[in-house]
Amino acid sequence: MQPSSKESLSPSQLAALTLGAIGIVYGDIGTSPLYALKEVFTHGHLPVTPENIYGILSIMFWTLTIIVSLKYVTLILRADNNGEGGLIAMLALASTAVKDKPALRRVLLAVGIFGTAIFFGDGVITPAVSVLSAVEGMNVAAPGLERFVVPITLVVLTILFMVQKHGTGGIGKFFGPITAIWFAVLAFLGAIHVVENPAVLAALSPHYALSFIFNHPHLAFVALGAIILCATGAEALYADMGHFGKKPIRLAWFALVMPALVLNYFGQGAMLLEYPENVNNPFFEMAPHWALYPLVVLATFATVIASQALISAAFSVTKQIIQLGYLPRLRILHTSVNETGQIYIPFVNWTLYACIVLAVVFFGSSSKLAAAYGITVTIDMLITTVMTFFVIRFAWKLSLALCIFATGFFFVIDVLFFSANVIKVIDGGWFPLLIGGVMFTLMMTWKEGRALLSERLRTDSIDLEPFLDAVFSSPPTRVPGSAVFLIADAGTTPNALLHNLKHNKVLHEQNLFVTVRSHEVPWIGFEKRVELKSLGKDCWQVMLHFGFKNEPDVPEALKLLKQRGVTLDDMETSYFLSRDIVIPTIGSGMAPWREKLFASMHRNAAGVADFLNLPANRVIEMGSKVEI
């Protein structure tokens with residue numbers, strides 16, 4: 001069912017959701033002050049001069065204002081898909097809006113899926129760079145401890161991924177308060193230095209940003225590649241809309257998060273105006289020496305919370321992609337009896353962990369990883385802007401001129417930031433792109449392979465209704481109970497039925513031919529869950545509809561048939577599945593290596609019984625070989 005609206009809230013509910021949003025939604029962007037301003041200056045391209053400090057601070061402030069406040073908080077949050085947000089929801093919304101334009105729809109789907117694949121690259125870089133940057137605070141407190149930074153980072157990350165299987169429900173309630181304390185500390189540290197040098201507030205004027213850009217266009221372009229790091233995590237605003245609602249996310253941003261970020265960045269700038277030699281780690285240099293170790297601990301907690309939010313998002317996105325048909329079924333475990341959204345996917349968890357460990361060991365510092373960071377962020381921002389255009393043009397039916405103006409402004413800015421990060425591909429940007437490219441290949445191979453398999457099965461299939469007519473012309477023995485045959489294509493005869501009749505020569509008293517359909521909407525309610533068609537002789541064709549955020553529970557959905565006169569006794573119902581063994585062949589399908597890849601993915605996919613929540617002791621699987 002679709003969650004209830006979060007826009008009509010009592011003050012206590014609004015406060016609770018706002019605090020939750022601070023912990024989950026803003027964890028990533030809240031840790032950006034650890035490295036964003038440092039990365040602008042530390043690569044030697046930009047001297048630490050007052051003119052440059054004022055110009056960079058001004059660009060950072062207006063980046064937060066334009067990209068986060070205007071684009072995401074004001075515009076993108078309006079593009080909800082039945083209350084849900086995120087790239088998958090936006091993709092579903094955009095592709096549905098252009099469903100009468102098949103060619104355009106295919107392009108949008110490919111672009112959206114590529115953006116989702118790139119998200120996994122982001123999922124590797126974010127925990128690595130944020131935790132590393134927090135632990136690197138030890139270098140300021142005690143430079144002799146530098147050799148322990150990578151080992152401590154790996155220990156923290158290992159513990160984080162080991163606890164995933166236990167769920168985060170117990171400790172999740174502390175995320176909001178800890179992150180709120182983190183933002184308060186950001187604001188306090190920044191305010192101290194701003195009060196000491198209030199002249200730095202002049203950088204709030206766009207004059208300094210424009211002057212810097214026009215006077216030093218080449219330096220400004222290069223600097224954009226690091227400046228965008230101040231907006232990392234902006235996508236989470238939209239992705240977590242379904243969990244918290246628009247109002248708490250907006251309130252958290254304008255009341256606490258943005259003021260704290262601006263104060264901290266300007267505090268770092270004020271300090272650098274007086275002590276430019278502190279540029280190697282301006283965030284930790286802002287703190288008094290006695291506070292450094294507590295600050296390192298708090299920063300580590302904040303980055304772990306930010307990483308946890310991203311790991312949880314990776315689990316959710318993977319589940320949605322599976323239900324949309326772009327990845328094979330994976331083993332999914334529920335970590336909460338109350339919250340269906342709290343899940344754990346072992347394969348995703350340990351694959352992410354392996355890639356993150358590789359990134360930490362290979363790059364070795366947050367500065368080297370930061371070069372790899374911006375490319376994924378800017379790609380997803382660019383894709384979101386493109387998708388938004390098609391949503392507001394074809395779904396909202398706004399005028400073409402208004403749509404071009406509303407999204408064209410952000411598109412130009414996104415292209416500038418993306419272009420500035422393209423030049424860093426050799427320095428490390430290749431790493432998340434490689435991860436995204438691998439994921440995109442897997443996703444498109446699975447989708448196309450499934451289409452080829454379905455086409456082949458349809459070619460070899462027998463129409464169900466004529467087959468049943470032939471069977472009942474000389475009926476076999478009917479045995480007590482109900483048989484549920486799961487079949488991908490409605491109206492075709494399942495192989496499991498053919499095998500059952502061939503080997504057992506019996507038919508159950510009641511037979512249901514069930515097809516499960518996943519749709520490009522987040523939620524489908526119980527009132528639209530089931531379609532039923534009588535085939536006569538106590539045989540029924542059933543279509544079950546699920547959104548990509550629904551839990552595909554077939555036995556639970558079949559209970560809805562009782563209202564329509566079809567009753568199933570749990571202890572007298574058997575579920576028959578056809579398990580196809582894919583055989584790659586040389587022909588008109590995909591490239592041979594992709595067919596072999598698909599066959600391997602198909603062979604190693606998790607069982608459909610677990611995915612559809614079928615009772616293990618009532619399932620009968622029958623296999624067959626299919627050449628593609």
Side-chain angles (χ1 to χ4, degrees), residues 2-32 63-90 93 119 122 126 168 172-184 186-187 230-262 302 305-310 312-313 316-317 320 339 341-342 377 380-381 384-385 387-388 391-392 410 522-523 549:
Q2 181 179 338
S4 58
S5 172
K6 298 181 176 66
E7 302 309 311
S8 300
L9 301 167
S10 68
S12 61
Q13 289 175 319
L14 181 61
L17 285 170
T18 302
L19 185 62
I22 289 170
I24 301 299
V25 177
Y26 294 110
D28 190 359
I29 199 170
T31 57
S32 297
T63 296
L64 289 172
T65 300
I66 293 171
I67 289 184
V68 185
S69 297
L70 292 181
K71 177 182 172 181
Y72 281 96
V73 177
T74 303
L75 175 63
I76 303 295
L77 280 186
R78 296 175 182 269
D80 66 290
N81 190 336
N82 295 317
E84 295 295 328
L87 196 53
I88 293 287
M90 177 73 84
L93 209 58
F119 163 81
D122 190 17
T126 297
T168 57
K173 58 180 176 288
F174 299 110
F175 288 0
I178 291 173
T179 311
I181 292 171
W182 170 250
F183 280 114
L186 289 182
C230 75
T232 58
E235 286 283 338
L237 281 165
Y238 182 48
D240 288 310
M241 178 169 57
H243 294 119
F244 301 101
K246 301 172 187 177
K247 187 180 292 185
I249 289 175
R250 286 171 171 157
L251 179 61
W253 173 252
F254 288 114
L256 175 63
V257 178
M258 185 174 179
L261 292 174
V262 171
I305 290 171
S307 301
Q308 174 59 57
L310 199 141
S312 298
S316 298
V317 167
Q320 293 171 26
E339 297 290 334
Q342 290 188 20
V377 175
D380 275 344
M381 286 182 173
T384 298
T385 301
M387 293 290 176
T388 302
V391 170
I392 65 177
F410 298 117
W523 305 96
K549 297 201 76 172

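Checked options Val257, Ile305, Thr179; the residue passing with Tyr26 is Val257 (criterion: side-chain contact (heavy atoms from CB on, under 4.5 Å)).
With sequence neighbours left out, Asp380 forms a salt bridge (charged side-chain N to carboxylate O under 4.0 Å, His left out) with no residue at all. Considering only residues two or more places apart in sequence or on other chains, Thr126 meets the side chain to side chain donor-acceptor pair (under 3.5 Å) condition with Asp122, Tyr373. With sequence neighbours left out, the side-chain contact (heavy atoms from CB on, under 4.5 Å) criterion links Ala187 to Ala260, Leu263. For Tyr72, the side chain to side chain donor-acceptor pair (under 3.5 Å) criterion is met by Glu235, not counting sequence neighbours. With sequence neighbours left out, the side chain to side chain donor-acceptor pair (under 3.5 Å) criterion links Ser69 to Trp253. Take Ala239 and apply the side-chain contact (heavy atoms from CB on, under 4.5 Å) test, not counting sequence neighbours, and it matches no residue. Under the side-chain contact (heavy atoms from CB on, under 4.5 Å) criterion, Leu251 pairs with Leu14, Thr18, Ala255, not counting sequence neighbours. Partners of Ser12 by side chain to side chain donor-acceptor pair (under 3.5 Å), not counting sequence neighbours, listed by chain and number: Ser10.
From Leu261, atom CG reaches atom OG of Ser32 across 7.5 Å, with rounding to the nearest 0.5 Å. With rounding to the nearest 0.5 Å, the separation of CG in Leu93 from CG in Leu87 is 12.0 Å. To the nearest 0.5 Å, atoms CD1 (Ile67) and CD1 (Ile76) are separated by 11.5 Å. Expressed to the nearest 0.5 Å, how far CD1 of Ile29 lies from SG of Cys230 amounts to 7.0 Å.
Contact record, Ala79 with Met90: CB-CE, 4.1 Å, taken as the closest heavy-atom pair. Across all non-hydrogen atoms, the minimal contact from Ala180 to Ile22 is N-CG2, 3.8 Å. Counting all heavy atoms, side chain and backbone alike, Phe244 lies closest to Gly20 at CE2-C, 3.4 Å. In this structure, Pro248 and Ala21 approach most closely via the heavy-atom pair O-CB, 4.4 Å. Residue Lys246 comes nearest to Leu77 through the heavy atom pair CE-O, 3.0 Å, listed as atom of the first residue, atom of the second, then distance. When all heavy atoms are compared, the tightest approach of Phe410 to Leu75 is CE1-CD2, 3.9 Å.
Residue pairs that meet the salt bridge (Lys or Arg N to Asp or Glu O under 4.0 Å) test with at least one member in residues 66-79, sequence neighbours left out, are Lys71-Asp414. Sorted by first and then second residue, the salt bridge (Lys or Arg N to Asp or Glu O under 4.0 Å) pairs involving residues 10-26 (not counting sequence neighbours) form an empty list.
Using modelled atom types and a 3.5 Å distance limit, the side chains of Ser312 and Gln308 yield a donor-acceptor pair.
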